[in-house]
2 protein chains.
Amino acid sequence: MPPDPTIRQLRYFAMLAQTGHYRRAAERLGITQPSLSLQIAGLEETLGLRLVERGRGGAVLTPAGREVLERAARILDQVAALGDIAARLRTGMAGTIRLGATATLGPYILPNVARRLHDRFPDLRLFIHEAAPRRLFDDLLAGRHDLILTQLPVASDRLRVERLFREPMNLVVARSHPFAGRGRVTDADLAGQTVLTLSSAFALHAQIEALCHELGANLRQDYEGTSLDALRQMAAMGMGLAFLPALYVRSEITGRGDDVAVLQFRQDRFTRSIGLAWRTGSGDEASYRRMAELVREVAADDFRGLVVPER
Amino acid sequence: MPPDPTIRQLRYFAMLAQTGHYRRAAERLGITQPSLSLQIAGLEETLGLRLVERGRGGAVLTPAGREVLERAARILDQVAALGDIAARLRTGMAGTIRLGATATLGPYILPNVARRLHDRFPDLRLFIHEAAPRRLFDDLLAGRHDLILTQLPVASDRLRVERLFREPMNLVVARSHPFAGRGRVTDADLAGQTVLTLSSAFALHAQIEALCHELGANLRQDYEGTSLDALRQMAAMGMGLAFLPALYVRSEITGRGDDVAVLQFRQDRFTRSIGLAWRTGSGDEASYRRMAELVREVAADDFRGLVVPER
DNA sequence: GTTTTCCGATTGGAAAAACCTATCGAACAC
DNA sequence: GTGTTCGATAGGTTTTTCCAATCGGAAAAC
């Protein structure tokens, strides 16, 4: 395999072609004429072509030289473009960040996040992948995500976590359920009730399970949903009660003509924690923190009163 | 101004991204791992960016790294393309040759040359510029042409010339001219006749002038044409006789229903010499000689009997 | 017809870059 | 723990790049 020309050679050659003059080209490049001569000769050597016709009137390109120049110019343009990109990337807020998000939160907050992000940092793009938290966690460690937006806790000494906010869990029951008319329910009300939940790949599962144990409620074992919508359908059909996160409720349940009723429970003190996590030392920490701050802003501005800020 | 990354750095980086593994990448590149480490570190240094996340599972690109990789891959593709181009150019029969041609010959033979050239060397393109021989000569010396197809002689110790063929000059007169009915004319016939010619920028001018002087004909001073078509129009209007090259006559005068009559003169022994010229040591001599050979072939195959081969 | 000037090529030596071997320290596997 | 595997680092050699000085030839000036 033949060796590559170097970018230096191409740059020198382009300048020589532009000036048509060794000494002038060398001067403009800030080098001496012999250095230029050697580099040009080296380029001719590696390409196996006479590129320049040396002579009295200065340096004139051969037909091959013109052909090579055309390509060299394109390469140099792209190298310059790479430099520009690098400069923008250096701010930390450019390029594409691969963000994994819980299916139980992403759809209901990321549109707002993406909009604000694009307004603030036009050069930054999000590539969003939704999955269950367990999967997100594995994929983050494996390097398939740069960042995950997920329910806490997320435990690993290889990860850095920023807590964002706590999201209240609302209780949802079928319209035909005895609770449906009431505005709120107490802990005692739930004893003996049947509760639906997501599959154990979701962090919600363990949380609901613990709650049921505490209150003496029955966790329905024969169904584990994989989406909040499915859970809500099950609840609407009277298969049990369901705890659904506030942002989902706000987004998907309008309050009129719905197939389910929404109830207060523990006055927003039953919540789940949401955070942003990334691998220690991955990418640019500062830009990830800025991302976290931006999500907090979204929570505060677009979902004020609905979620509880942290930090 | 920041220094450029090197192609070597980009190549190493691309391989590292592909393998996700320093040692494997180094092995595939035929270098040792420390060398690779240093080059990657150097690239990160010049771009001012962390590109790779070093760790247990191997080397994972940062978001910035992915962005850079995309551009780097494009640059490497173009470098490879440059290598391919160079390989083809090395044959000498690729790229674009800037060919200057006499207006009195080019239009009537270059279509055939271009066609044959393209059949034989598909990678070779001709950029044709037509002008008067005097202008061609200057432009060739100035490096604005690679090659000129012109009437000889062309004299300069900086030029190399290949003689191609001799082209007979036909005598053309108006249909109403007394000569029109005759198949041929002698030297004596021309004494006292009025002869038209092109401007002195054309080599034909001097040649016709010398002939007129020899035969005692009058060179019409008040008109100097700049194209063979114009000359023929003048002849048709009875302004005088005109000597027109055989290839022009063959191409533009059909012999029936024309406004002029074509006569033999000196049985094809009054000719002009056509040759190909280039600057000594310009481009690839071998390919220019091959061009000359190809034009000779065209003359022999497509214009057999019409022109007189040389060499 | 010299002399001068201007061109790119060449030479010799110093500085910088690239590379290799050997080794280090951390993280994982057992 | 102990061994293995990872990339980083250190030290030294080879290669590349560069410069200053000079060469040789060709055009221009005289």
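A note on names: the letters A, B, ... follow the listed sequences, proteins ahead of strands, and every chain is numbered from 1.
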Every protein N/O within reach of nucleotides 20-25 of chain C N/O, cut-off under 3.5 Å:
residue: C:dC20; atom: OP2; partner: B:Thr32; partner atom: N; Å: 2.8
residue: C:dC20; atom: OP2; partner: B:Thr32; partner atom: OG1; Å: 2.9
residue: C:dC20; atom: OP2; partner: B:Ser35; partner atom: OG; Å: 2.8

Please report, rounded to the nearest Å, how far the [atom2] atom of [N] is from the [atom1] atom of [X].
| X | N | atom1 | atom2 | result |
| --- | --- | --- | --- | --- |
| A:Glu45 | D:dT17 | CD | P | 13 Å |
| A:Leu61 | C:dG8 | CG | P | 13 Å |
| A:Glu44 | C:dA9 | CD | C1' | 12 Å |
| A:Gln9 | D:dT16 | CD | P | 11 Å |
| A:His21 | C:dC6 | NE2 | C1' | 8 Å |
| A:Glu27 | C:dC6 | CD | C1' | 15 Å |
| A:Ile40 | C:dG8 | CD1 | P | 11 Å |
| A:Gln39 | D:dT15 | CD | C1' | 13 Å |

Discussion item. Just N and O in the side chain of B:Ser37: are any of them under 4.0 Å from OP1 or OP2 of D:dA8?
Written reply: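 Yes, B:Ser37 has a side-chain N/O under 4.0 Å of OP1/OP2 on D:dA8.
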Discussion item. When you measure from the side-chain N and O atoms of B:Arg8 to the phosphate of C:dC19, is any distance below 4.0 Å, counting only OP1 and OP2?
Written reply: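 For C:dC19, OP1/OP2 do have a side-chain N/O of B:Arg8 under 4.0 Å.
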Under the 3.5 angstrom rule, does the side chain of [X] hit a backbone N or O of [Y] as a donor-acceptor pair?
| X | Y | answer |
| --- | --- | --- |
| A:Thr96 | A:Leu126 | no |
| B:Arg279 | B:Leu140 | yes |
| B:Glu44 | B:Val52 | yes |
| B:Arg11 | B:Thr6 | no |
| B:Thr102 | B:Thr104 | no |

Which atom pairs, donor and acceptor, lie under 3.5 Å between side-chain atoms of residues 71-84 of chain B and protein residues at least two apart or in another chain?
residue: B:Arg71; atom: NH1; partner: B:Glu67; partner atom: O; Å: 3.4
residue: B:Arg71; atom: NH1; partner: B:Glu67; partner atom: OE2; Å: 3.3

Item to complete: Please list, chain by chain and in numerical order, all residues satisfying side-chain hydrogen bond (donor to acceptor under 3.5 Å, both in side chains) with B:Glu130, sequence neighbours excluded.
Response: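 Result, side-chain hydrogen bond (donor to acceptor under 3.5 Å, both in side chains) vs B:Glu130: none returned.
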Fill in: Under the salt bridge (charged side-chain N to carboxylate O under 4.0 Å, His left out) test, residues paired with A:Arg23 that sit two or more places apart
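If we apply the salt bridge (charged side-chain N to carboxylate O under 4.0 Å, His left out) test to A:Arg23, skipping adjacent residues, there are no hits.
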Worksheet item: Can you name the side-chain contact (heavy atoms from CB on, under 4.5 Å) partners of B:Asp138, sequence neighbours left out?
Response: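 By the side-chain contact (heavy atoms from CB on, under 4.5 Å) rule, B:Asp138 matches B:Arg134.
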Worksheet entry | Nucleic acid contacts of residues 11-19 of chain A, taken as heavy-atom distances under 4.0 Å to DNA chain D |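 Those residues whose heavy atoms fall under 4.0 Å from DNA chain D, taken from residues 11-19 of chain A in numerical order, are A:Tyr12.
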